[in-house]
Q: 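Pasting in a structure now, in C-alpha cells, and then I'll have a few things to ask.
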Amino acid sequence: MDNIGIEGMNRVSPQLIKAKLCSITVFWVAVTVALTIAAALWTPWIYLAAGASLVATIWFTWLIPFQVKWMRWYEGEDELYVSTGRIFHTFTVVPYGRIQYVDVETGPINRHFGIRTLTVNTASSTTSCVIKGLPNAEADALRDRLAAQARERMIGL
Amino acid sequence: MSSNDAAGVSPAGDPATPASAATATPEWHRVHRASPLLRFWLGLVAVLVALTVNLQEQALNWLAEGGYSDLSWPPSTRTLLLIGAVVGGLILLFLLVWGFSYLWWRVMGYAITEEEVKMKSGLISSTQRSARFDRIEAVDIVEKLVPRLLGLAAVRIETAGGSESAISIEFLTKEQAESLRAHLLALTSQHKGQPYTAQPAGVQNKHLDPAAEAIAAQIDPDLVVVPQVPIHRSLIVGLLPAVGLPLLFILLQAIEWRFEAAEHITSPILIPVLLGLIPAAWKIIDYSWHFQAYFDPNRRVLNVTHGAANVRRQAIHLNRVHAVTMILPLTWRLTPWRKVQMSVAGYGKPRKEATTVLLPVGPKDLALHAMSELGAAPITDGPYTMRPPRRARWCSPLSAGTEWVSYDPAQQKISTSEGFFTRRISTIQTSHIQELTYQQGPIQRLLKLADVRLDLVAGPVQMKARDMDEEQARQLLTLLRARELPERIGEPTPHRESPVDARPHTPPPPQN
C-alpha cells in the first residue's frame, strides 16, 4: 500500500508509451511548428511563445516513460487498487461491491498499439479509477472479472 | 385510496380485451385542462410581446393617417375601431391557442400500474416516462408561481436513476396532487417493504398558500427537526453579501479622488454589482422562506416544506441521506448562524427541485440538533482524531490550524473539518463511503504529508482529510478499508469456472 507495496502491483503495457508519444508529442510538436511559422510571418516576439512550446514538448515527452512506469493496478481480495504518479501520487481503493459499471474503451491510436483503457465507475462523482494501457486481452479479462465480482458482491449504497 | 378519484376524466377503458388483463393497457388519467398553456405560458407571453412591439408602430401610423395622431377624449371612431380590433384580436388569439392546446392536452396523462407509474406527453414527439415503485426516491409537490395562482400544483417523482429520469406530472389541482402523492408514497413503501402511515390529517389543507403555520401547529413537536425559519433570518442572510458594498464604494471613491483619469467610475461599477446581487439574494430568501423540516411518524422520511414564490414540499427517505455538512460562509461570521446541507443518493448536484438543504439558516445549536436528529452529529473526540502537524503550515498556511479528522469505529462514523474562509464540518457513516483515495502532491511529499479523500455519492458534501502526517494518513486508510459495508444484494454467479480464479498470479503487496 505504500511505495514498497506499489512495486508489487501490476504494471500497464509499455505500448502505452508509444501511444502517448503519438498523441502528446505530436500535439506539442505541431504547436511549436505552428508558432514558429507564425513568428516568421508576423513578429519575432512570437519566438518566445515558440520557445516555451519547445520546452513544453521536451518536458512532456521526457515525462511520458515515467508516467507509464508509475501506473499500477492490483486486484486485492476484496478491493481493487489503482496507483498513478510519483510526484503527484494518487492511490485509490475501490471495494468490489461498490463497482456500478466498468467501461473499456479504445481510440484509433490505442487500437493500433493493441491497448485499451478501463474505467471503473462507482456511485461517487469523483472517480479516479482509470487504468490506461492495458493490452486488449487483459483489459477484457479484467473487465469480466470485475463485473463478476461486482455482481456477486453488490451492496447497497 | 382509489386512483380513479385522483384525476379528471379518465378515458373509457377498453372492454374488448379481457384476455390481456395481465398486459392491459394502463388507464390513463388526464391532467388539468390548462396544463399545456401553463407549461408554455412563458413562450406565449414572449410571442405576444413580440407581436405587440412589432405591430404598435403600424397601428399608430394607421391612426395618424386619419389625422388623429393623439388619443383625445371622447375617442374618435378610428381609435375605437383600433381598440376593438386589438381586443377582438386578443380574444380570438386566446381562443385559438386554447383550442389548439386541446390537441396537446389529449395526449398528456399519467397512469399507475402494478409495478410503476407512467407519464406521457407530447404531440409531435411523444414522450413516455415510467418509474418503478421500488426505484422511487422521493415524491414532491412543486407549486410554481403561475400555476399556484390558479390553484394547481405539479407532482415530481425522483428515482434512483438520477436527475434526468425524474418524472413531473403537470398539473393537477392541489387536492389531486396531494392525494396522488400520498398514494404514490404508500405504493412505494409497499414495494420497498417498509411500513407506511399516512401523514397526519392536519397536513392536508385547502388553501392556496400552504399555510405553514397551520402545518406547524399540527405536527407533533417530537417530530420537528427544523422549526419554521423566521422571515427576518431569511432576509438578513439574503442581504449579507451586500455587506461588501460600502467598502467597495469607499474604495472606488478613493480611486476617483486620487487618480484624475478615473473620473466617474463609481456608478458604472457599483450599479451592476448591486444588480447582480439581487437575483442571488432573492434565491436565498425564496429558498429559506418559511423553511421547515419534520419527520413522518415512522421517522423514516424527512418532510421539508419551503418557498415563497415557488412553494415546494418534499419527502426524503432517511436511508438515502449519506453525508451531512455544517457550513459557515465568510460573510456569515457577522451572525451566529450556520447552514446545513446533505448529500442524498440519487439527487446529484444541488438543484432547485431537489432539496439538499437541511437548514438554510439557523443558530449553531439548531444546526447541531438537526444533524444529530439525522444521526450525523459531528464526531470531535473519536478514538482516531488527527490534526495536521505543525509543518503543514508550509503548504497550507491558513487552513492547517483548523482542519482535523475524527473517526469512531464503534459508531462507524467519520467527521472532517475543512476550510479557512468557509468552514465546513462534515459527517458520514463509513458504510456510505464509495471509494478511498490517498493523494500526495510534490510539496506534500517533501513535507511527508498526504490527503485521504473520501469519495461519496454526488452531492454538495465533499470530504477530505487534508495534510495529515504520512503515517497517520496510511493508518486512516487502513482503518477505513476495514469498514463495515452494507449487506450484499448481488446474485452469486452460476456454477461454472469462476473467472475470478483466472487472475494473473502476482504476489500480494507486502503488509506494512
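We name chains A, B, ... by the order of the sequence lines, and we start the count at 1 in each one. Remember, predicted model here, so these are calculated numbers, not experimental data. Only this structure's heavy atoms are used, side chains among them; waters, hydrogens and symmetry mates stay out.
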Q: Below 4.5 Å from any heavy atom of chain A, which atoms of B:Ile443 appear? Answer side chain, backbone, both or neither.
A: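 For B:Ile443, neither part sits under 4.5 Å from chain A.
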
Q: On a heavy-atom basis, which atom in B:Arg483 and which in A:Arg98 lie closest, and how many Å separate them?
A: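 Distance-wise, the nearest heavy atoms are NH2-NH1, 4.1 Å.
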
Q: Checking side chain to side chain contact (heavy atoms under 4.5 Å, CB included) between B:Glu435 and each of A:Thr92, A:Val120, A:Val93, which is the one that passes?
A: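 Passing option: A:Thr92.
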
Q: Within this structure, what is the CD-CG distance for the pair A:Glu79 and B:Leu485, rounded to the nearest 0.5 Å?
A: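 Output value for this atom pair is 8.5 Å.
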
Q: Calculate, to the nearest 0.5 Å, the distance between atoms CD1 and CD belonging to A:Ile87 and B:Gln440 respectively.
A: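 Spacing of CD1 (A:Ile87) from CD (B:Gln440) equals 11.5 Å.
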
Q: So which atom in B:Gly441 and which in A:Phe88 form the shortest heavy-atom distance, rounded to 0.1 Å?
A: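 For B:Gly441 versus A:Phe88, the nearest heavy atoms are CA-CD2, 4.0 Å.
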
Q: With only heavy atoms counted, which part of B:Ser343 is less than 4.5 Å from chain A, the side chain, the backbone, both or neither?
A: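 When you check distances to chain A, no heavy atom of B:Ser343 falls under 4.5 Å.
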
Q: Counting only heavy atoms not in B:Lys413, do more than 12 sit closer than 6.0 Å to its NZ atom?
A: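 Counting neighbours around NZ of B:Lys413, more than 12 heavy atoms of other residues, nucleotides or ligands fall under 6.0 Å, so yes.
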
Q: Rounded at 0.5 Å granularity, tell me how far CZ in B:Arg445 sits from NE2 in A:His89.
A: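 Rounded to the nearest 0.5 Å, the CZ-NE2 separation comes out at 7.0 Å.
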
Q: Would you say that more than 12 heavy atoms from the other residues, nucleotides or ligands in this model lie under 6.0 Å from the NZ of A:Lys18, or not?
A: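 It does not: A:Lys18 NZ has 12 such atoms or fewer within range.
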
Q: Inspect the surroundings of CD in B:Glu484 and state if more than 12 heavy atoms from other residues, nucleotides or ligands are less than 6.0 Å away.
A: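 No, the 6.0 Å shell around CD holds no more than 12 heavy atoms from other groups.
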
Q: Roughly how far, to the nearest 0.5 Å, is the CZ atom of B:Arg453 from the OG1 atom of A:Thr90?
A: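 Reported to 0.5 Å precision, the distance equals 7.5 Å.
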
